[in-house]
Amino acid sequence: MLSGVVLLLLLTDVVNTEGNCSYQDVLNHLNLKKDNELFSMTRPVKNFRTPTRVSLEVLLYAILDVVEKDQKFIPYVWTVTRWNNEYISWDPAQFCGINNVSLPTEVLWKPDLTIEEMTEKDKAPPSPYLTINNKGVVEVQNDQVLVSTCRMHIYKFPFDTQSCNLSFKSVIHAAKDIRLQASDNSSEATEWSREVMRTQYEWLFINMKVTARNATDLEDQDIIVYTINMKRRSILYIVNFLLPVLFFLGLDLASFLISDSGGEKLSFKVTVLLAITVLQLILNEILPASSNRIPLIAVYCIGIFGLMLLSLLETIFVMYLMERDSQDNEANGDQSGIEDCNRQDKALNNSDREVNKWTRCACIYDVTTGETPAEQLPVAKEGSSSSTKLNEEYQTLDKLSHELREMEKTLSQLLINSKAEYVAG
Ligand SMILES: *[C@@H]1O[C@H](CO)[C@@H](O)[C@H](O)[C@H]1NC(C)=O
Ligand SMILES: *[C@@H]1O[C@H](CO)[C@@H](O)[C@H](O)[C@H]1NC(C)=O
Ligand SMILES: *[C@@H]1O[C@H](CO)[C@@H](O)[C@H](O)[C@H]1NC(C)=O
Ligand SMILES: *[C@@H]1O[C@H](CO)[C@@H](O)[C@H](O)[C@H]1NC(C)=O
Ligand SMILES: *[C@@H]1O[C@H](CO)[C@@H](O)[C@H](O)[C@H]1NC(C)=O
């Protein structure tokens with residue numbers, strides 16, 4: 001019983017001697033309190049001439065959006081910033097081997113890094129904690145959805161690759177206060193980004209390049225530029241845009257097979273042309289108005305539009321010519337038709353060609369008697385297939401027409417005679 005109490009006392013003694021095992025003990029040792037202005041107000045260096053070396057690591061989690069129209073690039077990045085705080089250090093051996101502690105971000109000084117291209121404040125709250133280690137290195141990790149501007153080159157749209165810059169720099173501190181350096185090189189940044197990349201929508205990540213622009217003058221600022229190269233997945237644009245335009249051109253060409261008579265061909269062509277116009281409107285939505293070079297896709301669209309316009313004009317012109325032709329025929333058509341067929345009567349033989357000609361003449365005769373050409377069409381077609389049968393009909397018709405002409409002659413003779421009698425009377 002007594003030995004038990006002694007053991008317990010011994011144990012508590014051991015705990016007490018090994019007592020600096022909580023994070024709070026570390027903070028007590030550092031004298032780090034929430035309202036300790038030594039830590040949060042000023043740059044943590046013992047001599048103001050020593051610059052704070054800030055190292056930066058950026059990983060790309062996702063390319064969320066690329067808006068060509070607004071020249072906007074929205075990546076989701078993960079940044080790790082590290083720097084040294086000269087007031088922080090402890091011996092892990094004295095504190096149960098604790099070598100790092102997490103703290104709320106506001107208790108310590110932080111470099112005022114910003115991204116030049118950023119146009120909107122990050123809506124997500126910054127990470128609430130930072131980590132300090134026993135050597136005085138402070139580390140802040142942050143997830144950010146960056147809304148940044150990026151000059152896009154859309155000349156080759158939709159087969160384009162874009163490169164967008166994210167330039168990190170301090171807002172007010174010059175190089176004499178803060179020296180920026182990248183802790184990863186281009187190949188590492190690319191490889192790690194590939195590993196953590198979660199989603200790639202329209203854009204395929206190619207690589208990330210890290211460029212350090214060290215200030216030569218200490219009054220200047222160090223800038224680290226992360227250039228993200230990416231390629232557009234163009235397959236949907238091919239399927240949804242380029243091919244339909246081509247199909248419409250095919251349709252327009254096919255419409256040459258539609259007969260010129262009647263307005264169907266014309267309205268068909270106009271419809272196809274309107275379809276292209278709709279696609280062009282969609283294209284207008286996608287492409288920015290700021291591009292000073294006309295994108296190839298716009299040239300493609302306007303080229304096809306021009307071709308269709310030409311074919312439409314051609315149709316209109318042909319229809320106009322046909323209209324005029326038929327008007328001329330109406331004016332002096334009947335007589336010439338009769339004369340034509342009279343000539344053909346003389347050169348009559350049994351060949352199919354002649355039959356066809358003759359049936360055509362028959363049409364003209366029938367037009368004058370009030371029948372439509374459409375009703376005559378089957379006869380003309382039949383003529384070529386069963387020509388011998390038609391030949392017989394043709395000869396009887398020929399006789400008929402001959403008689404008709406004879407009658408006409410006698411009638412006109414009679415008329416002249418009666419006129420003469422009338423005049424004489
Ligand atoms: C615990 O920390 C205090 C204050 O820093 C120190 O005086 C004491 O020696 C430490 N105890 C041990 C066991 O390291
Ligand atoms: C923090 O300390 C823990 C335990 O000692 C260790 O596993 C971890 O890697 C440390 N983290 C950093 C960032 O040093
Ligand atoms: C991006 O940064 C690189 C390196 O500084 C520079 O050469 C390039 O012109 C920049 N691109 C844009 C679009 O600003
Ligand atoms: C990048 O860093 C890694 C390791 O630090 C090294 O192996 C590689 O050669 C470096 N690449 C370049 C391009 O400097
Ligand atoms: C910029 O400075 C860092 C160290 O501060 C150095 O590693 C890097 O090579 C320098 N870059 C250039 C382009 O001078």
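Start at 1 and go down the list; that is how both ligands and their atoms are numbered. Numbering starts at 1 and runs along the sequence shown. Owing to the predicted nature of the structure, the values given are computational and were not obtained by experimental measurement.
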query = Should the proximity of Ile98 to ligand 2, defined as any heavy atom under 4.0 Å, be assigned to the side chain, the backbone, both, or neither?
reply = neither
inquiry  = In this structure, does ligand 4 have an atom that sits under 4.0 Å from one of the heavy atoms of Ser186?
reply    = no
ask   = Does Arg151 reach ligand 3 with a nitrogen or oxygen that is under 3.5 Å from one of the ligand's nitrogen or oxygen atoms?
value = no
inquiry  = Whether Lys231 engages the ring of Phe159 as a cation-pi pair (distance to the six-membered ring centre under 6.0 angstrom, angle to the ring normal within 45°) should be assessed.
reply    = no
inquiry  = Whether the Thr227 and Asn165 side chains hold a donor-acceptor pair (N or O, under 3.5 Å, no angle test) is what I'd like checked.
reply    = yes
query = In terms of residue, atom name and distance, what is the protein heavy atom nearest to atom 5 (O) of ligand 4?
reply = Glu188 OE2, 3.1 Å
ask   = In the protein, which heavy atom is nearest to atom 12 (C) of ligand 4, and how far is it?
value = Asn185 ND2, 3.2 Å
key: Modelled atom types, side-chain donor and acceptor of Asn99 and Asn133, under 3.5 Å   = no
Aromatic ring proximity Tyr237/Phe157, centre distance under 6.0 Å = yes
ask   = Looking at atom 4 (C) of ligand 2, what's its closest protein heavy atom, distance included?
value = Asn99 OD1, 4.3 Å
key: Nearest-contact summary for atom 11 (N) of ligand 3 - protein heavy atom, Å   = Asn165 ND2, 2.8 Å
query = Can a non-hydrogen atom of Arg213 be found less than 4.0 Å from any atom of ligand 3?
reply = yes
query = Where do Asp325 and Gln327 land on the side chain to side chain donor-acceptor pair (under 3.5 Å) test, with the steps shown first?
reply = CA-CA 5 Å; Asp325 212 34; Gln327 272 173 6; over 6 Å; no
request  = Starting from atom 13 (C) of ligand 2, find the nearest protein heavy-atom neighbour and note its residue, name and distance.
outcome  = Asn100 ND2, 4.0 Å
message = Is a donor from one side chain sitting under 3.5 angstrom from an acceptor on the other, for Asp112 and His173?
response = yes
ask   = Quick one: does Thr50's side chain have a donor or acceptor within less than 3.5 Å of a partner on Asn47's backbone?
value = yes
query = Among side-chain atoms of Thr79 and Glu57, is any donor-acceptor pair under 3.5 angstrom?
reply = no
message = Tell me whether Ser163 has any N or O atom under 3.5 angstrom from an N or O of ligand 3.
response = no
key: Within-cutoff protein neighbour (heavy atom, under 4.0 Å) for atom 9 (O) of ligand 4   = no
request  = Please identify which atoms of ligand 3 are closer than 4.0 Å to at least one heavy atom of Val225.
outcome  = 2 (O)
